[in-house]
J.: 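Dropping a structure here in structure tokens format, bear with me for questions.
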Amino acid sequence: MTAEPIFRSAARPPDAAPNVLAIVLDDTGFAQLGCFGSDIATPNIDRLAAGGLRYNRFHVTALCSPSRASFLTGRNHHAVGMGFLADIPLDHHGYTARIPRSAATLPRILRDHGYSTLAVGKWHLTPRFERSAAGPFGHWPLGLGFERYYGFLQGDANHYAPNLVEDNHYVDPPATPEEGYHLTEDLTGRAIRYLDDQRHAAPGKPFFLYVGLGATHSPHHVTPEWAEPYHGRFDHGWDAWREEIFQRQLDAGLVPPGTTLTPRPGWVRAWDDLTADERRLYARQQEVFAGFLTHTDAQIGRLLDHLEETGRLDDTIVVLFSDNGASAEGGVHGSVNEHRFSSAIPESLEDNLAHYDDWGGPATYNHYAWGWAWAGNTPFRLWKRYTWLGGTRTPLIVHWPAGIRARGAVRDPVLHVNDLFPTLLDTIGVEAPDVVDGVEQQRIDGASFRATFDDPGAPAPRETQYFEMLGSRSLIHGRWKATTDHVSTGILDEQELLTGSRAFDDDHWALFDLSADFSEATDVSAGHPEVVAELRRLWDEEAGRNHVLPLYDNLVDRIGALIGPAWPPGDDRTYRPGASPICDESLPLLFGGFRITAEVEAGDAPDGVLLALGDLHGGLALHVADGRLVFTFSRAGEILEVVADRPVRPGRQALGVAHLTGPDGSAFHLLYDAAVAGSLAFDGILPVALQHGGAGLRLGHDAGLPVSDRYRVPAAWNGRLVSVRVQTPGYAEPDPLADLRTALHAD
């Protein structure tokens, strides 16, 4: 018998360790919050700014997954395999979409030091083909250090009917749109419940709560009462709105005197040159976005109020930032359904105007015209996905009443999202470990800016930071910033309209003196060729050190490097009812043709859904309505529907649909056993992906939003469903550009 105890006491955090609340907004530009110059109402975020610090030279990576990986690890995004989106994992070191064990995350480290670690909302750090019910779960939130999780794994979500995960399994939303469901409200309610559970069970134990909101990423979903207060507020257009914002930024000291407001680029049309219908539609798009942001702010207020009511707000470090600049993926016109882009369906002013009254409602999957993204990043140029300041410089607010004496101050050191990790550890009093689970940890690229909390003159924590996203490159070194004019592929309007280089060898490196040029407005490269040469050399050095190379600006160049599923779905699968929804990434690819067969027993009055995948924004359903078999396919909201020419007979039978493609076009054929019972010919092809936010195949019922207005969810099949068989011609590589566009719009 040993005399040594075999149980170690639970880890304890440092004395008086504060709580941590990280709120990550999505696609929110530098100028869109009230406290950063906007007239959009964000009173709760503004109260954080008024009681804490605003940082006006804070930078992110220009895209979602990379910024979140950098925040949670303190490393550069390529250094932890997240050089691009989690949806496109490649077998190159910097692009695997797999955070390595050598970069233990912030929640893992804090959990090991006695913190409760809780997360709600957007994750987007699980690589494609690892998001099914079979995992593996090592890159899900619980696998990377969180103890509880509720949210969505993909890059975006329908706020009325999201594809939700709880811990390590998929769940349906707790209510329907008709019952008033909204994702942001649900996430906030779950966060409050997690906090109460933790407080009741372990009083005094500190927490780290990560709130990754789907807002303000498209779709800009919000009910009319939030948008209507903004009616008419943006009728003067994005040019005038941007000038108003800039003046407020100057008056508030958010931008220094002498800052140049970068001019409107030629590819953003002047508001005065638009037609009356265009101005009417685009103003409505911004009204709904503003309502969406104000609604988001109200939910943040619920969370802050709860912390205050329970006596924990003063001793909670709140950091709030956006993962990248405002998104221009709505293109020139905006979109009533963003899935149109990846389905190769052009936008139409007429179609968009037809949804003027319900813009932002459940019948839309909406995004605004890119003129509003340009204005939302005032005073900078460009937007998300580019390493110009419009893509990389976003709001940062730090609020901690118990530890920060300054109230409402603006701090101006150059910071990067990877600096938050060491800053929080430094503030808490925890050292990053050298070894975790026997794995030696890689270098931490960020540095603590804790000194700036109390000292407005404290210098930036380090001199140099590189940026790269889809071939757009830049580097900050001291007072200088060098930025390329490279334009990537994947967004059609940008490919056609943006000026700049399309080849790496032709890229121009512009040079900006950030000490005198806050907005990156004046290229001084011609006068300082030696500085340009030095910054290019430093960029190459950083790129080699962080596994950025080889460079690519589209997926076509790397399609052979795509990491496929470890367990491919094959081309002939049979599913039985009773299990969880089947992740669309676990299904055979359907866009090149398929045959789906449901073995059923029907009663005298057959009715209901046999199978459904996706919804009215993009999806398919095989169902029985008015006694007849119906197949409905929503191609980004364009409904292709075929109804059988005869009723379903009672008894055991096979009901199915076949999708055939050929030189004469495409068609759907309904099948009663082996007999064709109806056909529909159509032009074009089917999309590779039905939903940017992912979808689950449901058997014998539907959930969320329906695919067809011929049934109401859940529309359970009133007979017996034995099985569903999906057959395809064989595994085929999807069109790589279509795959890339889908991924970009999902981020």
Side-chain angles (χ1 to χ4, degrees), residues 17-26 28 32-36 38-54 115-122 148-151 159 174-175 180-216 221-223 225-227 229 290-322 395-408 424:
N19 306 305
V20 178
L21 169 60
I23 302 172
V24 184
L25 300 174
D26 201 343
T28 305
Q32 289 175 323
L33 303 178
C35 51
F36 275 79
S38 173
D39 59 350
I40 297 173
T42 56
N44 295 290
I45 296 174
D46 295 353
R47 78 169 175 172
L48 287 176
L53 301 172
R54 283 168 290 173
Y115 272 68
S116 294
T117 56
L118 316 166
V120 299
K122 175 173 172 175
R148 298 303 312 275
Y149 172 68
Y150 181 78
H159 283 73
Y181 179 84
H182 193 283
L183 175 61
T184 316
E185 297 174 14
D186 185 20
L187 295 176
T188 304
R190 182 60 65 103
I192 290 171
R193 187 192 312 174
Y194 282 170
L195 289 176
D196 278 344
D197 287 347
Q198 188 262 2
R199 180 171 56 92
H200 295 161
K205 184 177 183 179
F207 64 81
F208 170 45
L209 173 60
Y210 177 79
V211 179
L213 296 175
T216 54
H221 276 160
V222 72
T223 49
E225 66 268 21
W226 292 95
F292 187 40
L293 177 54
T294 298
H295 174 265
T296 302
D297 177 84
Q299 309 319 306
I300 292 172
R302 286 175 57 203
L303 183 55
L304 298 178
D305 288 346
H306 179 77
L307 288 173
E308 191 166 40
E309 290 164 4
T310 55
R312 298 203 281 182
L313 182 60
D314 282 357
D315 203 26
T316 297
I317 304 172
V318 182
V319 295
L320 181 147
F321 65 94
S322 175
L396 170 65
I397 298 170
V398 181
H399 179 275
W400 183 27
I404 297 177
R405 292 189 297 273
R407 298 289 185 268
L424 290 170

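Because only heavy atoms are used, hydrogens play no part in the values below, and waters and symmetry mates are left out as well, while side chains stay in. Keep in mind it's a predicted model, so treat the numbers as computed, not measured.
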J.: I'd like to know if the side chain of Arg405 and the backbone of Ala402 have a donor-acceptor N/O pair within less than 3.5 Å.
T.: no
J.: Is Asp26 close to Ser322 at the side-chain level, that is, under 4.5 Å between some pair of heavy atoms?
T.: no
J.: Would a 4.5 Å heavy-atom cut-off, applied to side chains only, mark Leu33 and Leu25 as touching?
T.: yes
J.: Using side-chain heavy atoms (C-beta onward) and a distance below 4.5 Å, is Leu213 in contact with Val211?
T.: yes
J.: Kindly give the heavy-atom pair with the smallest separation between Leu187 and Tyr150, and that separation in Å.
T.: CD2-O, 3.7 Å
J.: Check for a donor-acceptor pair, side chain of Tyr210 on one end and backbone N or O of Tyr149 on the other, with a separation under 3.5 Å.
T.: no
J.: Can you tell me how far apart CG (Leu313) and NE2 (His399) are? Round to the nearest 0.5 Å.
T.: 5.5 Å
J.: Between the side chains of Thr42 and Asp297, is a donor N or O closer than 3.5 angstrom to an acceptor N or O?
T.: no
J.: Does anything in residues 183-192 pair up under salt bridge (Lys or Arg N to Asp or Glu O under 4.0 Å), and if so which pairs, sequence neighbours excluded?
T.: Glu166-Arg190
J.: Check Ala17 against Pro206 and note the closest heavy-atom contact, atom names and distance.
T.: O-CB, 4.0 Å
J.: Would you find a donor on one side and an acceptor on the other, under 3.5 Å apart, between the side chain of Arg54 and the backbone of Leu396?
T.: no
J.: Do Val398 and Val318 have side chains that get closer than 4.5 Å, going by heavy atoms?
T.: no
J.: Strictly distance-based, threshold 3.5 Å: is any side-chain N or O of Arg148 a donor or acceptor partner for the main-chain N or O of Ala119?
T.: no
J.: Report the distance from atom CD1 of Ile45 to atom CD of Gln32, rounding to the nearest 0.5 Å.
T.: 11.0 Å
J.: Restricting to non-hydrogen atoms, name the atom on Ala22 and the atom on Phe208 that form the minimum distance, rounded to 0.1 Å.
T.: CB-CE1, 4.0 Å
J.: Just wondering, do His182 and Thr223 contact through their side chains at under 4.5 Å, heavy atoms?
T.: no
J.: Side chains of Leu209 and Leu303, heavy atoms from C-beta outward: is any pair under 4.5 Å?
T.: yes
J.: To the nearest 0.5 Å, tell me how far Glu309 CD sits from Ile192 CD1.
T.: 8.5 Å
J.: If you compare all heavy atoms of Cys35 against all heavy atoms of Ile397, which two are closest, and at what distance to 0.1 Å?
T.: SG-CD1, 3.8 Å
J.: What's the separation between atom CG in Leu307 and atom CZ in Arg312, rounded to the nearest 0.5 Å?
T.: 6.5 Å
J.: Check the side chains of Gln198 and Ser116 for a donor-acceptor pair under 3.5 angstrom, ignoring hydrogens and angles.
T.: yes
J.: Can you tell if the side chain of Leu48 reaches within under 4.5 Å of the side chain of Leu320, non-hydrogen atoms only?
T.: yes
J.: Please tell me if the side chains of Tyr115 and Lys205 come closer than 4.5 Å, counting only heavy atoms from C-beta onward.
T.: no
J.: Less than 6.0 angstrom separating the ring centers of Phe292 and His159, yes or no?
T.: yes
J.: Kindly give the heavy-atom pair with the smallest separation between Leu293 and Ile40, and that separation in Å.
T.: CD2-CG2, 3.8 Å
J.: For the atom pair CD (Glu308) and CZ (Arg47), what is the distance rounded to the nearest 0.5 Å?
T.: 5.5 Å
J.: Looking only at heavy atoms, what is the nearest atom pair of Pro18 and Ile317, with distance?
T.: CG-CD1, 3.7 Å
J.: Hey, are Asp196 and Arg199 close enough for a salt bridge, meaning a charged N less than 4.0 Å from a carboxylate O?
T.: yes
J.: Are side-chain N/O atoms of Thr184 and Thr296 paired as donor and acceptor at under 3.5 Å?
T.: no
